[in-house]
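Single-structure report; data block below.
Since this is a predicted model, take the numbers as computed values, not measurements. Both ligands and their constituent atoms are indexed starting at 1 by order of listing.
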Amino acid sequence: MDVRPNPDRSVAIIGGGPAGLMAAEAASNAGARVDVYDAMPSVGRKFLMAGKGGLNLTHSEPREAFLSRYGARRAWLEPLLARFGPEALRAWALGLGVDSFVGSSGRVFPSGMKAAPLLRAWLHRLRAAGVRFHMRHRWCGWDENGALRFATPQGERAVRAGAVVLALGGGSWARLGSTGAWVPLLAAHGVRVAPLRPANCGFDTGWSEHFRARYAGQPVKPVVVVYAGPDGIESRQQGEFMVTATGIEGGIIYAFSARLRDEIEAKGVAQLHLDLAPGRDLARLVQELSRGRGSSSMANHLRRRAGITGAKAGLLRELLPSEDLADPARLAAAIKSLPLRLIAPRPLDEAISSAGGVAFEDLDERLMIRALPGVFCAGEMLDWEAPTGGYLLTACFASGRAAGAGAVTWLENA
Ligand SMILES: Cc1cc2nc3c(=O)[nH]c(=O)nc-3n(C[C@H](O)[C@H](O)[C@H](O)COP(=O)(O)OP(=O)(O)OC[C@H]3O[C@@H](n4cnc5c(N)ncnc54)[C@H](O)[C@@H]3O)c2cc1C
């Protein structure tokens, strides 16, 4: 298939998320005529949603630690992040009039915490540079002549472009536009795509009806979550998580979610341990809980002797046999290390991001698909994953920039 029937300096960007818009900017800055196509009525919907809870743009930790967050895909992303990493991203945002600050966790947020001002200024600048936007254009692949096929409210449209950047996102929160429907379109052209899987996701635990009815929606905090995966590496994090109708979710759980998901996939189950009384010493807890409870209820006993209330007390009742609840030593041990079985990750659509995607091995260093000369890929649709902390957006921006610039270089040399 020839996707470049009209060699010129036109670049079609498909997908107007952070990766696609950054590709559009890079291609436009390099002198290309740029058209952005998106299936939705407006661009950047997931980016705007990310801004709802406080947009975490990037992270300020040292380079080595930052790069380690990309795990097995680090080697592929490192050259892209070397060209457009956290510092460059902050400078870029400042260029759009949006200053940023480092939070206490080292995470970087735009002042104002929102995505909307940044997106507004960015779209204004892109339009002023001549970038054209075509909304409600759902890409459906290529026709027999190599033209891009779009489904639009006016019917199907065929578009020819010198080069194409696909920035179609992963498969989570499909209602915001990234549906993952592109997977078979690329697979049909022999492009290897690792199945899209939930990343930064919650998990099902199989709560009893009683526990679910009482505690769904309640936070468990402070808590230390400990996970020792099959690799033997023990990780622990203090923070909080939320009890949901089916299990647990929240930032502290997302931090372990890739390893938990992989273990469940391999073994059908994974196990966390919860320290429900961080900072309290086990021996002291045993001593406290050994003091007779007299006529007071178990709830009062736990509150007074161990500071355990609400969903924490509910978890002990849900997960411990009654003999353990009645035994001070066993109860104290459970408070410090309560095993919690996870039986399934929540579905991809609910996840913050997707793992899986287009294999880096099928791309060249400019992010062009080797089997489809002139077609580039960027953003979450590539096969990498990272925890929350700004790593997702940083890699989307960096890969978008590389793909947009790469498309123009390719056009120039074609
Ligand atoms: C609730 C939530 C909060 C988040 N918070 C953060 C955060 O604070 N920090 C962080 O780093 N990351 C965060 N993320 C993740 C981050 O938003 C994504 O990783 C990022 O938006 C991915 O960018 P992208 O450009 O690759 O894809 P997307 O942003 O998903 O954009 C893809 C675009 O492609 C379009 N598209 C898809 N298929 C087609 C098609 N066939 N034809 C035409 N157009 C199509 C879609 O409409 C969409 O506009 C959050 C995600 C969620 C869901």
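Which parts of ligand 1 touch Gly379 is read off a 4.0 Å heavy-atom cut-off, strictly below it: atoms 26 (O). Numbered from 1 in the order shown, with element, the atoms of ligand 1 that lie under 4.0 Å from a heavy atom of Gly177 read 36 (N), 37 (C), 38 (N), 46 (C), 47 (O). Close contacts between ligand 1 and Met40 involve ligand atoms 47 (O) [criterion: under 4.0 Å to a heavy atom]. For ligand 1, the atoms sitting less than 4.0 Å from at least one non-hydrogen atom of Ala19 are 25 (O), 26 (O), numbered in the order shown with element in parentheses.
Nearest to atom 35 (C) of ligand 1 among the protein's heavy atoms is Asp38 OD2, 3.3 Å. For atom 31 (O) of ligand 1, the closest non-hydrogen atom of the protein is Gly17 CA, 3.4 Å. Considering only non-hydrogen protein atoms, atom 29 (O) of ligand 1 sits nearest to Pro18 CD, 3.3 Å. Protein heavy atom closest to atom 3 (C) of ligand 1, with residue, atom name and distance, is Ala50 CA, 3.5 Å. Nearest protein heavy-atom neighbour of atom 20 (C) of ligand 1: Glu380 OE1, 3.8 Å. When only non-hydrogen protein atoms are considered, atom 9 (N) of ligand 1 lies nearest to Asn56 O, 2.8 Å. Among protein heavy atoms, atom 27 (O) of ligand 1 sits closest to Gly169 CA, 3.3 Å. Scanning the protein for heavy atoms near atom 39 (C) of ligand 1, the closest one is Leu168 CD2, 3.5 Å.
Checked by atom type and distance alone, the side chain of Arg261 pairs as donor or acceptor with a backbone atom of Pro198 at under 3.5 Å. Between the side chain of Ser399 and the backbone N or O of Gly379, at least one donor-acceptor pair lies under 3.5 Å. Distance alone, capped at 3.5 Å, is enough to place a donor-acceptor pair between the Asn56 side chain and the Thr58 backbone. With hydrogens and angles ignored, the 3.5 Å screen pairs no side-chain donor or acceptor of Arg83 with any backbone N or O of Ala402. For the pair Trp139 (side chain) and Gly141 (backbone), a donor-acceptor distance under 3.5 Å is present. When atom types are taken as modelled, the side chain of Glu380 and the backbone of Ser354 share a donor-acceptor pair closer than 3.5 angstrom. A donor-acceptor pair under 3.5 Å is formed between the side chain of Lys312 and the backbone N or O of Pro222.
At least one heavy atom of His137 sits under 4.0 Å from some atom of ligand 1. The closest approach between Met49 and ligand 1 falls below 4.0 Å for a heavy atom of the residue. Under the 4.0 angstrom criterion for non-hydrogen atoms, Ser353 is not in contact with ligand 1. Using a 4.0 angstrom heavy-atom cutoff, Ile352 counts as in contact with ligand 1. By the 4.0 Å heavy-atom criterion, Trp173 is counted among the residues contacting ligand 1.
Relative to atom 32 (C) of ligand 1, the option among Ala167, Gly141, Ser354 with the closest non-hydrogen atom is Ala167.
Trp92 has its ring centre less than 6.0 Å from the ring centre of Phe397.
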- [ ] Assess whether salt bridge (Lys or Arg N to Asp or Glu O under 4.0 Å) is satisfied between Asp362 and Arg370, documenting all intermediate values.
- [x] CA-CA 6 Å; Asp362 281 9; Arg370 289 181 213 278; over 6 Å; no
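Trp142 and His189 have perpendicular rings, their planes meeting at more than 60° on a 0 to 90° scale where under 30° would count as parallel.
Judged purely by distance below 3.5 Å, without hydrogens or angles, the side chains of Glu263 and Tyr227 pair a donor atom with an acceptor atom. For the residue pair Thr244 and Arg346, no side-chain donor N or O sits within less than 3.5 Å of a side-chain acceptor on the partner.
Ligand 1 has no N or O atom lying under 3.5 Å from any N or O atom of Leu55, backbone or side chain. Checked by distance only, ligand 1 and Ser178 come closer than 3.5 Å through their nitrogen or oxygen atoms. Inclusion of Leu393 in the set of residues having an N or O under 3.5 Å from an N or O of ligand 1 is warranted.
Of the options Leu48, Leu393, Leu119, a side-chain contact (heavy atoms from CB on, under 4.5 Å) to Leu55 is made by Leu393 and by none of the others.
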